[in-house]
2 protein chains.
Amino acid sequence: MADIADVARLAGVSTATVSRALNGKTASAATREKVLAAAAELGYVISSNASGLASGRTRHIGFMVPFIDRWFFTDLLTGIESVLLSQGYDVTLYDLQGNDSQRDQVFGSSLRRASIDGLIAASIELTGDEIRALRALGKPVVSIGGYIEGATAVDVDNARMATLATEHLLSLGHTRIAYVGAGRTIASAFQLGDARYDGWLSAMRAAGLDGEESGFWEADFDIPSGYAAAKALLAHDRPTAIFAASDEIGIGCILAARDLGLRVPDDLSVVGIDDHKLSAFFGLTTLAQDPAGQGRLAAHLLLAQLDNPGAAPEHRTLTPRFVVRSSTARPGGAVHGTA
Amino acid sequence: MADIADVARLAGVSTATVSRALNGKTASAATREKVLAAAAELGYVISSNASGLASGRTRHIGFMVPFIDRWFFTDLLTGIESVLLSQGYDVTLYDLQGNDSQRDQVFGSSLRRASIDGLIAASIELTGDEIRALRALGKPVVSIGGYIEGATAVDVDNARMATLATEHLLSLGHTRIAYVGAGRTIASAFQLGDARYDGWLSAMRAAGLDGEESGFWEADFDIPSGYAAAKALLAHDRPTAIFAASDEIGIGCILAARDLGLRVPDDLSVVGIDDHKLSAFFGLTTLAQDPAGQGRLAAHLLLAQLDNPGAAPEHRTLTPRFVVRSSTARPGGAVHGTA
DNA sequence: GTGAAAGCGCTAACAG
DNA sequence: CTGTTAGCGCTTTCAC
């Protein structure tokens, strides 16, 4: 494979000039053109190892997730890839799923081989050692949906989303609104169970209602779990509305209601959070999170920090978009309503 | 950050010895121990750039997919990561989704920066130029679910799976069995529409039935599309069973049947292919593909080729596992049956 | 704006 | 089994 010396020879310049021309540094237009032509003719591509060794930059970005087989994370990844690939960066995935040795491997070795220029970490809860390891890297980090000291952060206001969702239900006239999701006592890999629970509770209390009594039902963030919780809940003490901590939970609730012969939204309103791929199909009213957009933003912020290493970390909180569909209505099913 | 010379100094040996000890090459046990201790004390980690430049190996594996936001591909990825991370390899994702420039970027540049030791490509249909680019790399390639000349391949026999699924239905006594999926005329990113269609058709014909008449209904590989197709199909000329080209399509069919007041499996049997995460929840009978297992196998085969570059490419066809659940029964719903 | 030359940190012969 | 010695292919001062 052709190397930089071949290109230099063909273009009639030095290797230093080739390097500059290819990296957009100072070089006359004429020289740049010659170099580019020579490189194209030879099918030359920079060796990332050599370039990385000499410059300290690798054009690789790490993306760290607790697990990748979830809608939210794959959508983040799609967004991240779309901006990073187009900027000539590769993304290396660090999937912490699986045993702890996999996790230790990532922190102890993979991350430190200096093979990345920066890191995007999503919904990761770090140990003290891990935070130290990350800081020792001296590379920019942006965190999505979770706080990492010193890192730029992008997130959504989960408590606010939960409050909005609950208020939507309240404004329709519901007073018996159950919450299905992870509670404050549930350690969640998503780091958001608490906030959504709190948002629901505070909206209930602000309306003079006792949330805790109306019912908190625990569920994991998936359809079967939402289904099981709703089955139990609806058999128990039927509320007129459910606020689901995620759309997958919400879809499970809708399915459970159907199986019990209840009509949604006439007999039961359901609102979720996410705007999952399937939510439109199920007519689920929800607060859209747009993870692909979060991923794109995170990637841009990381790129900005790479260009400007001195800059202070930012904190961007995204505003969710309310998507009213057919799963919410006034109690009794009178009229479709909006917040 | 400490470099190899620091470790050598502390251990009282040469850098070459450090390198050997760390890479599991010839070194006395005593020396290795000293080196490991010194490395641990200094928090030393190999620089992948320097190591890669000197050795030509990077300990990075590429994983190429047409898009990543699908159950099948994320499960593949999970399987791949689990074996590769534990072997000290990082995986870099090449997501071809999006515009062609993203694709050109990957083939024209990312892949060729010599930043990977090997590639796993899933369900990728390559152009002639792309195949040439891949071969020029001279790195081992394993393809999952798609043929790439000269590459080791892991796949499932799609036609066989379709035949088995159809025969299951036939053995239960069904004769009017519709196929919902991509047909032979549909260009499929999954490269499997044809085979599944053919498998269904040949099973029907072998049973003396005319598949084409019983009905082929087109659908993409997702729930809403399966739902829409089933709605149309069931309104038209009702079969007693549906063979769905994927579980997501099958789930859509089940949902459509329910909405039409049909009981599954009494009024309609449905069988799919995949064993999607949600299939157990919906009671869908299916042929399990185990993508995580396919990913692990692909990773192991790639590792084997890395260890033994001379070996001829293999072709491993996996045997699907039949999972009979509650979505299939004799026509009329008499008795639950098995194949 | 461009060339010469000195590394970046490691591995791979080659001796011994 | 271990040390010495060249590079791997690029980037980056430093002159010019």
Side-chain angles (χ1 to χ4, degrees), chain A residues 1-36 38-39 42-60 88 109 112-117 137-139 306, chain B residues 1-36 38-39 42-60 88 109-110 112-117 137-139 306 309:
Chain A
M1 207 168 258
D3 69 10
I4 200 173
D6 298 325
V7 178
R9 216 169 294 127
L10 208 169
V13 296
S14 70
T15 59
T17 298
V18 173
S19 175
R20 289 188 203 106
L22 259 26
N23 289 294
K25 306 274 179 67
T26 55
S28 71
T31 310
R32 171 167 298 132
E33 213 157 296
K34 271 191 307 189
V35 170
L36 259 28
L42 295 171
Y44 170 76
V45 178
I46 286 179
S47 152
S48 69
N49 281 321
S51 170
L53 180 57
S55 71
R57 277 168 269 106
T58 66
R59 299 196 80 80
H60 273 252
S109 179
R112 307 180 49 212
R113 287 191 297 216
S115 49
I116 57 171
D117 294 340
L137 280 179
K139 312 223 181 262
L306 254 19
Chain B
M1 205 169 256
D3 68 12
I4 200 173
D6 298 325
V7 178
R9 216 168 295 128
L10 207 164
V13 296
S14 71
T15 59
T17 298
V18 173
S19 175
R20 289 186 204 107
L22 259 26
N23 289 294
K25 304 274 179 66
T26 54
S28 71
T31 308
R32 172 167 297 131
E33 215 157 296
K34 270 191 308 188
V35 170
L36 258 28
L42 295 171
Y44 170 76
V45 178
I46 287 180
S47 153
S48 70
N49 281 320
S51 171
L53 181 56
S55 71
R57 277 169 270 107
T58 66
R59 299 195 83 78
H60 273 253
S109 179
S110 297
R112 305 180 51 213
R113 287 191 296 214
S115 49
I116 58 172
D117 294 341
L137 280 179
K139 314 225 180 258
L306 255 18

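Computed from a predicted structure; not experimentally measured. Just so it is clear: chains get the letters A, B, ... in the order the sequence lines come, proteins before strands, and each one is counted from 1.
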Side-chain contact test, heavy atoms from C-beta onward, threshold under 4.5 Å: evaluate it for A:T15 versus A:D3 and give yes or no.
-> no

Determine, stepwise, if the pair A:I4 / A:S19 fulfils side chain to side chain contact (heavy atoms under 4.5 Å, CB included).
-> CA-CA 8 Å; A:I4 200 173; A:S19 175; 4.0 Å; yes

5'-most by nearest nucleotide on DNA chain D - B:T15 or B:A50 = B:T15

Using a cut-off of less than 4.0 Å, is there contact between a side-chain N or O of B:R57 and OP1 or OP2 of C:dA12?
-> yes

Taking every non-hydrogen atom, the tightest pair across A:V13 and A:K34 = CG1-NZ, 4.1 Å

Separation of C:dT2 atom C1' from A:E33 atom CD, nearest Å, is 18 Å

Report yes if at least one side-chain N or O of B:S47 is closer than 4.0 Å to OP1 or OP2 of C:dC8; otherwise report no.
-> no

Pairwise side-chain contact, B:N49 with B:T58, heavy-atom cut-off 4.5 Å (strictly under) | no

Where are the stems of DNA chain C, defined as at least 3 consecutive Watson-Crick or wobble G-U pairs with both distances under 3.5 Å?
-> C:1-16 with D:1-16

Using a heavy-atom cut-off of 4.0 Å to chain A, what are the terminal contacting nucleotides of DNA chain D, in 5' to 3' order?
-> D:dG9 to D:dT13

Please tell me which of B:R20 and B:Y44 maps to the more 5' nucleotide of DNA chain C, matching each residue to the nucleotide holding its nearest heavy atom.
-> B:Y44

Describe the nucleic acid contact of B:S51 in one word from base, sugar-phosphate, nothing, applying a heavy-atom distance below 4.0 Å.
-> sugar-phosphate

Sub-3.5 Å donor-acceptor pair from the side chain of A:D6 to the main-chain atoms of A:R9, do we have one?
-> no

Whether A:R59 side chain and A:S48 backbone form a donor-acceptor pair below 3.5 Å = no

Would you mind classifying the nucleic acid contact of A:A16 as base, sugar-phosphate or nothing, using non-hydrogen atoms under 4.0 angstrom?
-> base

Between the CG atom in B:N23 and the OG atom in B:S51, the distance rounded to the nearest 0.5 Å is 6.5 Å

At under 4.0 Å, does any side-chain N or O of B:N49 touch on OP1 or OP2 of C:dG9?
-> no

Nearest heavy-atom contact between A:A8 and A:S14 is CB-C, 3.7 Å

Residue pair B:D117 / B:G56: nearest heavy atoms and the distance that separates them = OD1-O, 4.1 Å

Members of residues 2-14 of chain A that approach DNA chain C, where some heavy atom sits under 4.0 Å away | A:V13, A:S14

List the atom of B:A39, the atom of B:V7, and the distance in Å for their closest heavy-atom pair.
-> N-CG1, 4.0 Å

Reckon B:S55 has a side-chain N or O less than 4.0 Å from the OP1 or OP2 of C:dC10?
-> no

In terms of the nearest nucleotide of DNA chain D, which residue is placed more toward the 5' end: A:K25 or A:L53?
-> A:L53

Give a yes or no answer on whether the side chain of B:R32 reaches the backbone of B:K25 with a donor-acceptor pair at less than 3.5 Å.
-> yes

